[in-house]
Amino acid sequence: SQAGELVLLLFSKVRKATGVSKMTSLPRVASLLPSATEIMGHLKLQHLLVGVSHECDVAPEKSDLDTLLSKGTCVRLTSSEINPMQMSQDEINTAVKGSLRMGDSLYGILEKEFCAANPTVVLTQALCEVCAPSPKQVAGALCSLADSTAVVNLEPHTLADVAQSFVTVSQAVTCSPKEGEALAAKFHNDIYRISSAVTGTGKRPRSPRCVLLEWAEPLFDGGHWIPDMLVAAGGDRGWNRPGEKSKQITPSVLEEYDPDCILVACCGFDLKRNLEDAQKLWSKPWWSSLRCVKEGRIFAADGNRYFARPGPSLVAGVAILAQIMHEEHPGILKAIEATGLLPRQGLAWDRVEPKSCLKADEIKDLEDLCWSLHTAACDRGERYYIDPATGYQVMTEEAHKKRGKCCGCGCRHCPFSHAGVKSSELAARIQQPAWLHKKALSHHEGDVLFWSGGKDSFLTLRAMQRKAPSRDVVLITTFDARTRVIAHQEVEIQTVIRQAQELGVGLIGVPLHRGLKYEDQIKRALRLLQKSLSGMSLGSVCFGDLHLEHIRSWREKSLTPVVQEVFDDSVTLQYPIWQTSYGELMADFLASGVQCRISAMPDAAPSDAPALFVGACFSPEVAKQAEAVGWDAFGENGEFHSVVEPWILKQV
């Protein structure tokens, strides 16, 4: 490790010494760090990227990096020997320790791609051997490049170091620190705004104690810039000094410190994975004895983006820490929200709800129990029931009705279709069917289209509007109530709202809860639509199915009774592009000029189908390669899913 750092340092000095002081052509930047790729994006330099690591995901947002990769101007330059998403944290820890003990790296540089990218600037690090290719690997890859290639080694330890790295990247890529200094100033100012939001509402008896777990099996605390973030969020620094490395701890450390809250933000994992791993902590005998666990103050976050990565997103991480540490103080929470720097709950962070402690033969699913308890409480005319997971009181639908209006908080049993929730918060808050984008119905007749956000739904909408341009169309989209993501498509409901706005159609969102029947939630959505029709006649409920008979049969059997119960027998289920040839559908898609990307693939495509990957633009070439490897050209059998981007029009 120290030898590797020395090798990289020597290469860096030699190349800087032999390079030119001012660039005579645009630099070609290879980023081997997710943080560096994000920094490049925030500096508006992402167009200079010719290669990134396999872990890079934003520049500065996911869509920006996807665009670069789909164009082919930027490629992946690294690979990993393990798939952490298919391993437990303990298995990953064992693999990492074994790799370090043998002097190997879990990461590899794709030398062919690296040479083809021919970077003139390489952004890398030697801070953590677990997080990126080793210095020795980087030095080896550089042997095939020109001596003038500049190597920029980023090793921030504190928040101040992180800000300085923005200047370092700016100087290395543009030969000027100006843009980096501006980004660093904004970074410091945004953190100061959060700190001011916390301290500006009065002095607290003591700073709240929060522990950030960088790893859960075994336990690791948060090091480097995490103590700085805790203090900036108005909390106690904890036992680590700023800049110190993360280290393994024992449960007794947590017991002695007695934290007010714990945030599970494990390195490399998003919110979903950290929620799953946090729930496993309840199986530990010592866990339930912690005061913060008893008080329900355990949280999880996207640790990969907001805490482990030393880049601009650490600002949002500070806001998350401030939110969870001061949740008992409404004035502070209001001030934090006013900064506009707190990412949405449910997408970036969330409270961890423990799994049911009931025996499997007593209760099959905790959410089933939750809704059963609600039904029983309503039957008894009670205003509250106790949530079996958290022990908190939850207002029943009857209690909300007695109050008489929507409070705007996105309550679980709101009977008012969340009419009081701010439009900007609908995507994150609604728990019952509600209008996510309401558009005035201007015609006397209309239809409903079940909308997934993908190309098939889009082509169905075009077919409906061509056939009957004088009819209104209202979209209905179902999504997971917890993740706020459309099943299989891996598309966030916020994206679907943007689609509806761009296409000029109304949209009703239907959050799906385990424990509630799908048909019952659809019935609620249709009743909401019925109340909004204002005399308009509904003709049909449409779907974008292409040719799968069993899916169509299921819809007919399950949804026809629901539709006709809400409306009448004249309203039927229709399939506007059923059995339409793929040639005709592709021609219509190309004629639309709208961009469409692959949003999800359950399984990776074979190596002889390089155009098939998540983020790729759907095109005749993609369809052709899909068919060549035995897949359905439109992914109708679930091989891949898509998302249309009507705000991006390609040249037709």
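These numbers were taken from a predicted model, which means no experiment stands behind them. Just so you know, these numbers use all the heavy atoms, side chains as well, and skip hydrogens, waters and symmetry mates.
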[X] versus [Y]: any side-chain heavy-atom pair under 4.5 Å?
| X | Y | value |
| --- | --- | --- |
| Leu449 | Leu475 | yes |
| Thr478 | Trp451 | no |
| Val496 | Leu507 | yes |
| Val29 | Met40 | yes |
| Ile430 | Leu436 | yes |
| Leu49 | Ser31 | yes |
| Ile577 | Leu585 | yes |
| Phe479 | Ile493 | yes |

(request) Could you give me the CA-CA distance, side-chain angles and deciding distance for Asp66 and Lys62, then say whether salt bridge (Lys or Arg N to Asp or Glu O under 4.0 Å) is met? (result) CA-CA 6 Å; Asp66 287 345; Lys62 182 178 184 299; 2.8 Å; yes
(request) Could you walk me through whether Lys44 and Glu179 pass side chain to side chain contact (heavy atoms under 4.5 Å, CB included), step by step? (result) CA-CA 9 Å; Lys44 296 181 172 55; Glu179 295 302 322; over 6 Å; no
Presence of salt bridge, [Y] and [X], under 4.0 angstrom:
| X | Y | result |
| --- | --- | --- |
| Glu397 | Lys401 | yes |
| Asp190 | Arg193 | yes |
| Arg555 | Asp545 | yes |
| Glu565 | Arg527 | yes |
| Arg484 | Asp480 | no |

Counting N and O atoms only, with roles assigned by atom type, does the side chain of [X] sit under 3.5 Å from a partner on the main chain of [Y], one being a donor and the other an acceptor?
| X | Y | answer |
| --- | --- | --- |
| Asp64 | Thr67 | no |
| Gln432 | Pro415 | no |
| Glu627 | Asp632 | no |
| His418 | Gln431 | yes |
| Ser417 | Ala419 | no |
| His488 | Ala600 | no |
| Glu519 | Val562 | no |
| Arg28 | Gly51 | no |
| Ser599 | Gln489 | yes |
| Arg412 | Val394 | no |

What's the shortest heavy-atom distance between [X] and [Y], and which atoms?
| X | Y | answer |
| --- | --- | --- |
| Leu503 | Pro646 | CD2-CB, 3.9 Å |
| Tyr582 | Ala633 | CD1-CB, 3.8 Å |
| Val510 | Pro433 | CG1-CG, 4.0 Å |
| Gln574 | Ser540 | CG-CB, 3.5 Å |
| Pro610 | Gln625 | N-OE1, 3.2 Å |
| Ala197 | Ile336 | CB-N, 3.9 Å |

(request) Applying side chain to side chain contact (heavy atoms under 4.5 Å, CB included), run through Arg344 and Gln494 and close with a yes or a no. (result) CA-CA 11 Å; Arg344 286 205 305 273; Gln494 186 64 53; 3.6 Å; yes
Donor + acceptor pair across side chains of [X], [Y] (<3.5 Å):
| X | Y | answer |
| --- | --- | --- |
| Ser457 | Ser452 | yes |
| Glu556 | Tyr575 | yes |
| Gln595 | Trp647 | no |
| Arg597 | Ser63 | no |
| Ser313 | Arg305 | yes |
| Glu445 | Ser470 | no |

(message) Taking side-chain hydrogen bond (donor to acceptor under 3.5 Å, both in side chains) as the criterion, tell me which of Gln465, Arg471, Lys467 meets it with Asp447.
(response)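 The residue from Gln465, Arg471, Lys467 that satisfies side-chain hydrogen bond (donor to acceptor under 3.5 Å, both in side chains) with Asp447 turns out to be Arg471.
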Are the ring centres of [X] and [Y] closer than 6.0 Å?
| X | Y | answer |
| --- | --- | --- |
| Phe458 | Phe589 | no |
| Phe640 | Phe634 | no |
| Trp435 | Phe416 | no |

(message) Please report the interatomic distance CD1(Ile522) to CG(Leu559), rounded to the nearest 0.5 Å.
(response)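 Between atom CD1 of Ile522 and atom CG of Leu559 there are 6.5 Å.
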(request) Could you grab the distance from atom OG of Ser642 to atom CG of Asp456, nearest 0.5 Å is fine? (result)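 With rounding to 0.5 Å, OG (Ser642) is 6.0 Å from CG (Asp456).
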(message) Checking Gln345 against Phe299 for the side chain to side chain contact (heavy atoms under 4.5 Å, CB included) test, could you report, in this order, the C-alpha distance in whole Å, the side-chain angles of both residues, the deciding distance, and whether it holds?
(response) CA-CA 11 Å; Gln345 182 176 1; Phe299 301 85; over 6 Å; no
(request) For Asp588 and Arg466, run salt bridge (Lys or Arg N to Asp or Glu O under 4.0 Å): C-alpha distance rounded to whole Å, both residues' side-chain angles, the deciding distance at 0.1 Å, then the answer. (result) CA-CA 11 Å; Asp588 186 41; Arg466 276 197 307 272; 3.0 Å; yes
(request) Might you work through the salt bridge (Lys or Arg N to Asp or Glu O under 4.0 Å) test for Arg309 and Asp57, ending with a clear yes or no? (result) CA-CA 11 Å; Arg309 179 183 304 171; Asp57 53 2; 3.0 Å; yes
(message) Would you say that more than 12 heavy atoms from the other residues, nucleotides or ligands in this model lie under 6.0 Å from the CD of Glu337, or not?
(response)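 Not more than 12 within 6.0 Å, no.
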(request) Would you sort out whether Leu271 and Leu347 count as a side chain to side chain contact (heavy atoms under 4.5 Å, CB included), showing the intermediate values? (result) CA-CA 7 Å; Leu271 173 61; Leu347 293 179; 5.6 Å; no
(request) Would you please classify the geometry between the His413 ring and the Trp371 ring as parallel, tilted or perpendicular, with 30° and 60° separating the classes? (result)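 Ring orientation of Trp371 relative to His413: perpendicular.
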